[in-house]
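Below, chains carry the letters A, B, ... as their sequence lines are ordered, and counting in each starts from 1. Both backbone and side-chain heavy atoms feed into the values below; hydrogens, waters and symmetry mates do not.
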Number of protein chains: 2
Amino acid sequence: MKTSFSYKEIKEKGYKITRQREIVFDILRKANMHLSADEIYIKAKSRNPGIGLTTIYRTLEMLYNLGYVNKYDFGEGRARYELNDTMVETCKHHHHLVCLRCNRVIDYTDFVPQETELITKAISGISRKYGFKVQTHIIQFYGICKECQKRKK
Amino acid sequence: MKTSFSYKEIKEKGYKITRQREIVFDILRKANMHLSADEIYIKAKSRNPGIGLTTIYRTLEMLYNLGYVNKYDFGEGRARYELNDTMVETCKHHHHLVCLRCNRVIDYTDFVPQETELITKAISGISRKYGFKVQTHIIQFYGICKECQKRKK
DNA sequence: CTTTATGCAAAACGTTTGCATCGAG
DNA sequence: CTCGATGCAAACGTTTTGCATAAAG
């Protein structure tokens, strides 16, 4: 299991390792939540006040292209990023419960063993029928969280 | 199976039925694809040139709150909407294969019978453990489509 | 009549781009 | 040295908001 970025792989693809990129890498590695570009920017500025938001976006794009981060949309009008579970051992594979009322996101990890099997089966079916090569998948459940149900209208 | 909007339900929630809303309803009902707000706007203008884009957004928001439409993000920087499969019989429940290179979206309907069972099981588990009331779910597979694999770099 | 919906213009927002400069390799 | 990376400001495209007017119920 990979626990850190492959600097070698990054360099091979023609990317350079910079102080700014290392900071973004590190923030993602230590985050145990899905961060928005802006949240990463705030955190990064405390370590390097001169860093630009543009650099955050470009670094995230690079990592996304390398397949190191997942990009999510939870309906807030901005993207959230998270290191791929192949990158950090502490980040277990999981899915999300998104509350439609308060936008809270709950990580869901209670997989029935069936799930992996089913997904694997689906991926090979997709490959066979559509010639589509699957890299990642997301499963999201939308609904109303416990708290919002209480203070219901 | 519901095949049209419940005007009664809409009125009960305090919404009014207007010419503009009926047009948007109808466009969604006839669409066999995920439409963006702008695409709906173009279509709507041919029937009512005076209609405003704002109205499209507000109608979509209403339908989303009513749970009549699903809202998707395929990474294009804008949302796409589609009537919920409970609303239109021609719109079968499906998931999406999103090509990371060309952004094409393929509808995926080949469910193994296991899937429904698994999702049902997951939903009741989620309800039990988190008290979260699931309304919809999305499953999306990201990868490279057949065509993009051919013209590979 | 009362209340919600509309259309317009302007604002807001996240994200991207052009460009001169900087720094990694 | 060279080429990619950076930071800034400006541009972009989508979505939202304020407000006066229009229309639904």
Side-chain angles (χ1 to χ4, degrees), chain A residues 5-27 34-66 69 71-81 100 103, chain B residues 5-27 34-66 68-69 71-81 103:
Chain A
F5 290 92
S6 165
Y7 282 24
K8 191 163 163 287
E9 191 179 342
I10 293 176
K11 284 182 187 168
E12 272 166 9
K13 302 233 175 174
Y15 296 112
K16 291 176 178 175
I17 307 292
T18 63
R19 172 155 163 60
Q20 291 90 329
R21 288 182 173 172
E22 289 188 305
I23 290 172
V24 175
F25 296 170
D26 193 59
I27 287 169
H34 331 92
L35 299 173
S36 66
D38 198 65
E39 286 166 354
I40 295 169
Y41 177 52
I42 305 293
K43 282 173 189 281
K45 270 207 294 200
S46 69
R47 289 211 239 162
N48 177 353
I51 200 167
L53 179 54
T54 312
T55 300
I56 310 294
Y57 276 107
R58 285 193 277 229
T59 303
L60 289 169
E61 191 196 10
M62 175 192 83
L63 294 172
Y64 184 71
N65 291 338
L66 287 165
V69 302
K71 190 176 174 181
Y72 296 105
D73 171 66
F74 297 131
E76 309 162 287
R78 61 177 166 175
R80 291 193 166 271
Y81 303 82
L100 293 167
N103 282 320
Chain B
F5 290 93
S6 164
Y7 280 25
K8 189 163 163 291
E9 191 179 342
I10 292 176
K11 284 181 187 169
E12 272 166 8
K13 302 232 175 172
Y15 295 113
K16 291 177 179 177
I17 306 293
T18 63
R19 173 157 162 59
Q20 291 90 329
R21 286 183 176 173
E22 288 188 305
I23 290 172
V24 174
F25 296 170
D26 193 58
I27 287 168
H34 332 90
L35 298 173
S36 67
D38 198 65
E39 286 166 354
I40 295 168
Y41 177 53
I42 305 291
K43 283 175 191 280
K45 269 207 293 197
S46 67
R47 291 211 238 164
N48 176 353
I51 201 168
L53 179 55
T54 312
T55 301
I56 309 294
Y57 275 107
R58 285 192 277 228
T59 303
L60 289 169
E61 192 195 10
M62 176 192 81
L63 294 173
Y64 183 72
N65 291 339
L66 287 164
Y68 290 176
V69 302
K71 190 175 177 182
Y72 295 105
D73 171 64
F74 297 130
E76 309 163 287
R78 61 177 165 176
R80 292 193 167 270
Y81 303 82
N103 281 321

Below 4.5 Å, heavy atoms only, C-beta onward: do B:Leu60 and B:Tyr81 meet side chain to side chain?
yes
A:Glu12 side chain reached by A:Lys8 side chain, heavy atoms, under 4.5 Å
yes
To the nearest Å, how far apart are [X] [atom1] and [N] [atom2]?
| X | N | atom1 | atom2 | answer |
| --- | --- | --- | --- | --- |
| B:Ile42 | D:dT14 | CD1 | P | 10 Å |
| B:Leu60 | C:dA5 | CG | P | 14 Å |
| A:Ile23 | D:dT6 | CD1 | C1' | 13 Å |
| A:Tyr57 | D:dC8 | OH | P | 16 Å |
| A:Asp73 | D:dT14 | CG | P | 15 Å |
| A:Ile10 | D:dG4 | CD1 | P | 16 Å |
| A:Ile51 | C:dC22 | CD1 | P | 17 Å |
| A:Lys71 | C:dT16 | NZ | C1' | 11 Å |

Is the shortest side-chain N to carboxylate O distance from A:Arg47 to A:Asp26 below 4.0 Å?
yes
Respond yes when some side-chain nitrogen or oxygen of [X] is under 4.0 Å from OP1 or OP2 of [N], and no when none is.
| X | N | value |
| --- | --- | --- |
| B:Thr54 | C:dG7 | no |
| A:Thr18 | D:dT6 | yes |
| B:Arg21 | D:dA24 | no |

Interatomic distance, A:Ile23 atom CD1 to A:Ser46 atom OG [nearest 0.5 angstrom]
8.5 Å
Of all the choices, D:dG7, C:dA5, D:dT15, which nucleotide is nearest to the side chain of A:Gln20 once you look at every atom?
D:dG7
Is there a donor on the side chain of B:Arg58 or the base of C:dG7 sitting less than 3.5 Å from an acceptor on the other?
yes
Pair of N/O donor and acceptor under 3.5 Å linking C:dG14 base with B:Arg78 side chain:
no
Hey, which of these two, A:Lys16 or B:Arg19, hits DNA chain C nearer its 5' end, going by closest nucleotide?
B:Arg19
Has B:Arg21 got a side-chain atom pairing as donor or acceptor with B:Lys16's backbone, closer than 3.5 angstrom?
yes
More 5' along DNA chain D: A:Tyr41 or A:Met62, using each one's nearest nucleotide?
A:Met62
Of B:Ala79 and B:Lys11, whose nearest nucleotide on DNA chain D comes first from the 5' end?
B:Ala79
Students often get this wrong, so: under 4.0 angstrom with heavy atoms, is A:Leu53 touching a base, only sugar-phosphate, or nothing?
base
